[in-house]
Structures are given as C-alpha cells and as structure tokens.
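Keep in mind that what you see is a predicted model, and the values were worked out from it rather than measured. So that the names make sense, note that chain A is the first sequence line, chain B the second, and so on, each numbered from 1.
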There are 2 protein chains.
Amino acid sequence: MQDEVLDVLRERSGPMSAYDVLGQLRQDKLNLAPPTIYRALSSLTNRGKVHRLESLNAFVACQYDDHEHAWIMSICDSCGAVNEIVSPELLNALSGVASESGFLSTRHVIEIYGQCAACRAIEAKA
Amino acid sequence: MQDEVLDVLRERSGPMSAYDVLGQLRQDKLNLAPPTIYRALSSLTNRGKVHRLESLNAFVACQYDDHEHAWIMSICDSCGAVNEIVSPELLNALSGVASESGFLSTRHVIEIYGQCAACRAIEAKA
DNA sequence: AAGCTTTCTGTTATAACATCACGTTAATGG
DNA sequence: CCATTAACGTGATGTTATAACAGAAAGCTT
Ligand SMILES: [Zn+2]
Ligand SMILES: [Zn+2]
Ligand SMILES: [Zn+2]
Ligand SMILES: [Zn+2]
C-alpha cells in the first residue's frame with residue numbers, strides 16, 4: 001500500500017491531499033477507505049519518503065528520497081509547484097534564535113509562499 | 001464578535017481551535033455557529049491581532065498586538081506553550097535561500113517544535 | 001422619512017480532513 | 001501447528017472549515 005501511495009504522489013508533481021490520493025487509488029481498488037491511506041501516508045512520512053505540507057493539509061513525495069533530511073518548502077501561489085530546499089545552516093540559525101529564550105528546537109515546519117521562477121518569467125513577459 | 005473572540009483567546013495562554021473558541025462563547029450565546037467564529041477569526045488574522053498556527057489548525061492572540069509584523073512561532077511539545085519570535089533578519093535569510101532557485105517569497109510559515117525553557121528546567125530537576 | 005447600500009450576523013447544510021474501534025487476514029517464528 | 005504481530009478492511013465517528021442564503025443594523029442619498 002505504501003508503494004502504491006508513493007507512486008501516485010510521484011506521478012503528480014504537486015501536492016495532493018490524502019483524499020486526492022484515495023480518489024486515484026480507488027480507480028483500481030474500489031473499497032479503499034481513508035484509514036488505509038492515512039496509515040500508508042503516516043509510515044511514508046515517518047520514513048522520510050513523503051513530506052507533509054502542514055499549511056495545505058497535503059503531501060508531496062520527497063525530492064531527495066535517498067537520504068533523510070530536514071526540509072524547507074517553497075510553494076508557488078500561482079501554479080502550486082512545491083520545491084524542497086535543504087539548508088542545515090538556516091535551520092541552525094532558526095534554532096539559535098529560538099534558543100535565545102531558552103527553547104530547545106527539535107522539529108521545524110517551514111513553508112514559504114510566493115512565486116516560483118517559472119511563474120515570475122511568465123508574468124514579466126506579459 | 002471579533003472583540004469577544006479576541007478576549008477568549010487572550011484569556012487562554014495557549015492555542016485554541018476555532019471550535020474551542022466556539023465552545024467558550026456558546027456558554028453565553030447559545031446559538032452561535034461555526035461560520036460566525038470563522039468570520040471573526042478571519043478578520044482578526046487579517047488585522048494581525050490573532051495568528052494562525054498552521055500545523056495545529058489553531059489560533060493564538062498576538063503577543064505584540066500594537067504593531068503588525070511577520071512572526072515565527074515556537075511551540076512546546078510538553079506544555080503546549082506558544083511563543084512569538086520576531087526576527088526580520090532570519091526571514092530575510094530565508095527569502096534569500098529561496099531566491100537561489102528564483103523564488104520570490106511573500107509569506108513565511110515558520111513553526112518550531114521542541115521544549116520551552118520552563119519544561120526543560122522541570123525535566124533537568126527530575 | 002423613505003429607499004438604498006454596505007456590513008455584519010444567523011442558520012442550515014455540507015464539504016474536507018482525520019481518526020477510532022474492531023474484526024480479519026496473512027506472514028513470521030517458536 | 002499455534003501464538004504473535006503487522007497490515008488491511010470496514011463502518012462509524014470526530015474535527016476543521018466553508019457554501020449559500022436570509023435577516024438585521026447602520027449609514028448615506030434623495
Ligand atoms: Zn525530502
Ligand atoms: Zn509557479
Ligand atoms: Zn504577533
Ligand atoms: Zn513547555
């Protein structure tokens with residue numbers, strides 16, 4: 001089941017909600033229900049194969065699925081494209097700022113909204 | 001309505017879901033329905049009086065409600081306390097990293113999980 | 001005042017996202 | 001073979017959020 005969910009997420013470039021994935025897989029397996037999908041997504045996110053976009057309630061396949069890492073996501077407001085940025089330095093800086101008030105960071109949720117390079121080019125042309 | 005919602009959020013130190021707020025206010029106004037709360041929360045977040053915690057589907061009153069600002073939230077896994085960090089430098093750094101791939105940032109969602117100073121102190125003592 | 005527009009609120013219903021609880025199946029290993 | 005465990009199926013439910021339309025209040029316009 002995890003493999004099938006991962007395949008669906010990889011076919012799609014952008015983010016998908018759990019119910020989007022469910023809809024896709026129901027074309028083959030008719031009696032698929034939400035818990036099955038959520039279980040698979042949970043395992044995949046734990047294994048780092050899939051990342052959850054917290055501010056969209058959606059999921060994307062990892063773009064660097066051969067190693068585990070912390071991530072920063074950029075999300076285009078125009079086309080919805082998601083890009084994964086790996087920057088340990090920035091995460092350290094963030095942990096540093098939090099630690100000024102004695103906070104010990106363990107997990108970062110960072111999602112940046114704006115406009116991707118492609119959409120900026122299109123808009124500049126117009 | 002906005003004032004009443006804001007009061008409820010201020011009384012509580014931690015984050016509240018929209019339905020938490022609804023429950024509180026229903027003690028007085030019995031036929032309060034979700035849309036009323038969501039409308040008030042929407043205006044309050046637009047005005048910067050309340051911030052939404054995207055990864056918790058919850059809301060907190062702004063800790064610096066006299067001026068508008070971008071924010072970073074730290075959220076304690078142990079006690080749920082939320083603290084608001086204002087750091088334009090860090091947001092600039094983040095925009096900078098995103099711009100390396102041509103991305104133009106307009107809005108940042110940054111939520112850091114870990115352990116607050118108070119909970120660390122308790123744990124150290126134990 | 002009468003009529004209008006705008007804004008906010010009330011109400012019902014429903015959509016969208018996520019989990020619980022329990023039962024069944026299937027593989028693993030003694 | 002049987003106990004254990006992990007995965008999945010199934011139905012219901014819980015939680016978060018919005019659509020769609022109706023009504024009331026407040027402020028202008030004439
Ligand atoms: Zn990744
Ligand atoms: Zn784009
Ligand atoms: Zn604030
Ligand atoms: Zn704490």
Those residues at least two apart in sequence (or on a different chain) that pass side-chain hydrogen bond (donor to acceptor under 3.5 Å, both in side chains) with Tyr113(B) are Ser55(B)
Rounded to whole Å, CG of Asp3(B) lies from P of dC8(C) at a distance of 12 Å
Is Arg10(B) reaching over with its side chain to a backbone N or O of Ala61(B), donor-acceptor style, under 3.5 angstrom?
no
Heteroatom pairs (N/O) under 3.5 angstrom, protein to nucleotides 15-17 of chain D:
residue: dA17(D); atom: OP1; partner: Arg52(B); partner atom: NH1; Å: 3.0
residue: dA17(D); atom: OP1; partner: Arg52(B); partner atom: NH2; Å: 2.5
residue: dA17(D); atom: OP2; partner: Tyr38(B); partner atom: OH; Å: 3.1
residue: dA17(D); atom: O5'; partner: Tyr38(B); partner atom: OH; Å: 3.4
residue: dA17(D); atom: N7; partner: Tyr19(B); partner atom: OH; Å: 2.7
residue: dA17(D); atom: N6; partner: Tyr19(B); partner atom: OH; Å: 3.2

Is any side-chain heavy atom of Leu53(A) closer than 4.5 Å to one of Glu111(A)? yes
Residue pairs passing the side chain to side chain donor-acceptor pair (under 3.5 Å) test with at least one member in residues 32-42 of chain A, sequence neighbours excluded, are none
Applied to residues 20-30 of chain B, the side chain to side chain donor-acceptor pair (under 3.5 Å) test, sequence neighbours excluded, yields Ser17(B)-Asp20(B)
The salt bridge (Lys or Arg N to Asp or Glu O under 4.0 Å) partners of Arg47(B) (sequence neighbours excluded) come to none
note: Glu4(B), atom CD; dC8(C), atom P; distance rounded to Å ~ 15 Å
Here the distance between atom C1' of dA16(C) and atom CE of Met16(A), to the nearest Å, is 15 Å
Under 3.5 Å, which N/O atoms of the protein pair with N/O atoms of nucleotides 6-9 of chain D?
residue: dC8(D); atom: OP1; partner: Met1(A); partner atom: N; Å: 3.3
residue: dG9(D); atom: OP2; partner: Thr36(A); partner atom: OG1; Å: 3.1
residue: dG9(D); atom: N7; partner: Arg39(A); partner atom: NH2; Å: 2.7
residue: dG9(D); atom: O6; partner: Arg39(A); partner atom: NH1; Å: 3.4

**Study point:** Derivation of the side chain to side chain contact (heavy atoms under 4.5 Å, CB included) call for Leu94(A) and Ile110(A)
**Key:** CA-CA 10 Å; Leu94(A) 202 49; Ile110(A) 310 179; 3.4 Å; yes
Here the distance between atom P of dT19(C) and atom CG of Leu41(A), to the nearest Å, is 10 Å
Here the distance between atom P of dT18(D) and atom CD1 of Ile37(B), to the nearest Å, is 14 Å
### Query
Are Glu84(A) and His69(A) close enough that a side-chain donor and a side-chain acceptor fall under 3.5 Å?
yes
